[in-house]
Amino acid sequence: MGDFAAQPVIVDCDPGHDDALALLLAAGDPRLRLLGVTTVAGNQTLDKTTRNALKILALAGATGIPVAAGSARPLIGELTVASDIHGASGLDGPDLDVPVGEVADVHAVDLMRRLIVEATEPVTLIATGPLTNVALLLRGHPEVVPRVRRVVFMGGSTERGNTTPYGEFNIVTDPEAADIVLRSGLPTTMIGLNVTHQALATSPVIAEFEGMGTRLGTICAELMTFFAATYRRVFGFAHPPVHDPIAVAAVIDPAVIRTVAVPVTVELAGAHTRGATVVDLHHRTGQPPNAAVAVSLDVDAFWRLLMTAVRRVAG
Ligand code: RIB
Ligand code: CA
């Protein structure tokens, strides 16, 4: 894989079946140096997403990575979890009985700030849940902004939504947070449903996890089997899309996605469209671009990255 300096990253997540794969990819690919993991309420309540992050890192043997819990609710409004998709625990399916490390006794935003300040080079923030923690960091600690290389987030869509007709879950959960991130002036990459719906955990994918012959591989197979059942029941999908690890893959190998530099606005006031990402693909608004929006995915390259990383951490 040649000589390279691993890129420092922080993953902010709400595990969540697909967040779990994102964490395994971030912990398992040597091109990233996972400085820390922060958790946010989203797919499940904060206590559950935090416990789930600890479990996944423990299963990956990455117990030395600091984990801090962040926001238990969006900036405005109330939290609505996604039990129908991720189950009561947030990671329903497999038996995840594993000794876990301690949660850091600081807020996620404070851990992010410390890790960024202490890093020897600018840090990439990868967000795979609602953007509440990232927004609080950018607004509460503007001094760290110059030391953030970029923000890469899974969220939004150039097309339709999944939580409301035009709203994707991470953005709908906290539209104001997404608005703050997109107005921050930081280099920002948006990985929306329009590409994540191409990364489907098909039966051959599940069989490949199972065929690894490791506990972690079997757990990934069981996670995807549960995820497949809920996505089939709720959305009528034949196979579940693994949204979040694409945000990590795009940092590891930017060639995995193709992006366009366009203006993205978050609808905050629409009675029926609050939380929609309004992506001006044809520059009709005259607004300057504020995000690199993913418009295509190299699906095979993505799965190769993910499977290699899972095999690597599975030992
Ligand atoms: O809409 C999909 C996104 O919402 C994913 O990040 C999933 O984990 C949930 O957080
Ligand atoms: Ca997520």
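Atoms within each ligand, like the ligands themselves, are counted from 1 in listed order.
- Ligand 1 places these atoms under 4.0 Å from at least one heavy atom of Asp18: 5 (C), 6 (O), 7 (C), 8 (O).
- Taking a cut-off of under 4.0 Å to the non-hydrogen atoms of Asp244, the atoms of ligand 1 that pass are 5 (C), 6 (O), 7 (C), 8 (O).
- Looking only at atom types and distance, the side chain of Thr38 has no donor-acceptor partner in the side chain of Asn133 under 3.5 Å away.
- A donor and an acceptor atom, one from each side chain of Asp14 and Thr49, are nowhere located under 3.5 Å apart.
- Within the 4.0 Å heavy-atom criterion, neither part of Thr163 lies near ligand 1.
- Taking the N/O/S atoms of Asp244 in turn, the shortest distance to the Ca ion (ligand 2) belongs to OD2.
- Close approach of ligand 1 to Glu168 (heavy-atom distance below 4.0 Å) involves ligand atoms 1 (O), 2 (C), 3 (C), 4 (O).
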Indicate every side-chain donor-acceptor pair of residues 84-96 with a distance under 3.5 Å to a residue at least two apart or in another chain.
| residue | atom | partner | partner atom | Å |
| --- | --- | --- | --- | --- |
| His86 | ND1 | His17 | N | 3.1 |
| His86 | ND1 | His17 | ND1 | 3.1 |
| His86 | NE2 | Asn43 | OD1 | 3.1 |
| Ser89 | OG | Leu91 | N | 2.9 |
| Ser89 | OG | Asp92 | N | 3.1 |
| Ser89 | OG | Asp92 | OD1 | 2.5 |
| Asp92 | OD1 | Ser89 | N | 3.0 |
| Asp92 | OD2 | Ala88 | N | 3.2 |
| Asp95 | OD1 | Asp97 | N | 2.9 |

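- With the Ca ion (ligand 2) as the vertex, OD2 (Asp19) and O (Thr128) define an angle of 80°, rounded to 10°.
- When the N, O or S atoms of Asp14 are ranked by distance to the Ca ion (ligand 2), OD1 comes first.
- Each of the atoms 7 (C), 8 (O), 9 (C), 10 (O) of ligand 1 lies under 4.0 Å from some heavy atom of Asn43.
- Every atom of ligand 1 is numbered from 1 in the order shown, and the set under 4.0 Å from a heavy atom of Thr128 is 6 (O), 10 (O).
- Residues Gln7 and Thr124 have side chains that bring a donor and an acceptor to within less than 3.5 angstrom of each other.
- Of all the heavy atoms in Thr158 and Met190, the pair that sits closest is N-CE, 4.3 Å.
- Both tests do not hold together for Arg232 against Phe237: distance to the six-membered ring centre under 6.0 Å, angle to the ring axis within 45°.
- In this structure the side chain of Ile252 reaches within 4.5 angstrom of the side chain of Leu305, judged on heavy atoms.
- The option from Asp19, Thr173, Asn170 that lies nearest to atom 10 (O) of ligand 1, judged by heavy atoms, is Asn170.
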Ile116 and Ile10: CA distance, side-chain angles, deciding distance, side-chain contact (heavy atoms from CB on, under 4.5 Å) verdict: CA-CA 9 Å; Ile116 292 167; Ile10 295 169; 4.0 Å; yes
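- Each of the following atoms of ligand 1 lies closer than 4.0 Å to a heavy atom of His243: 2 (C).
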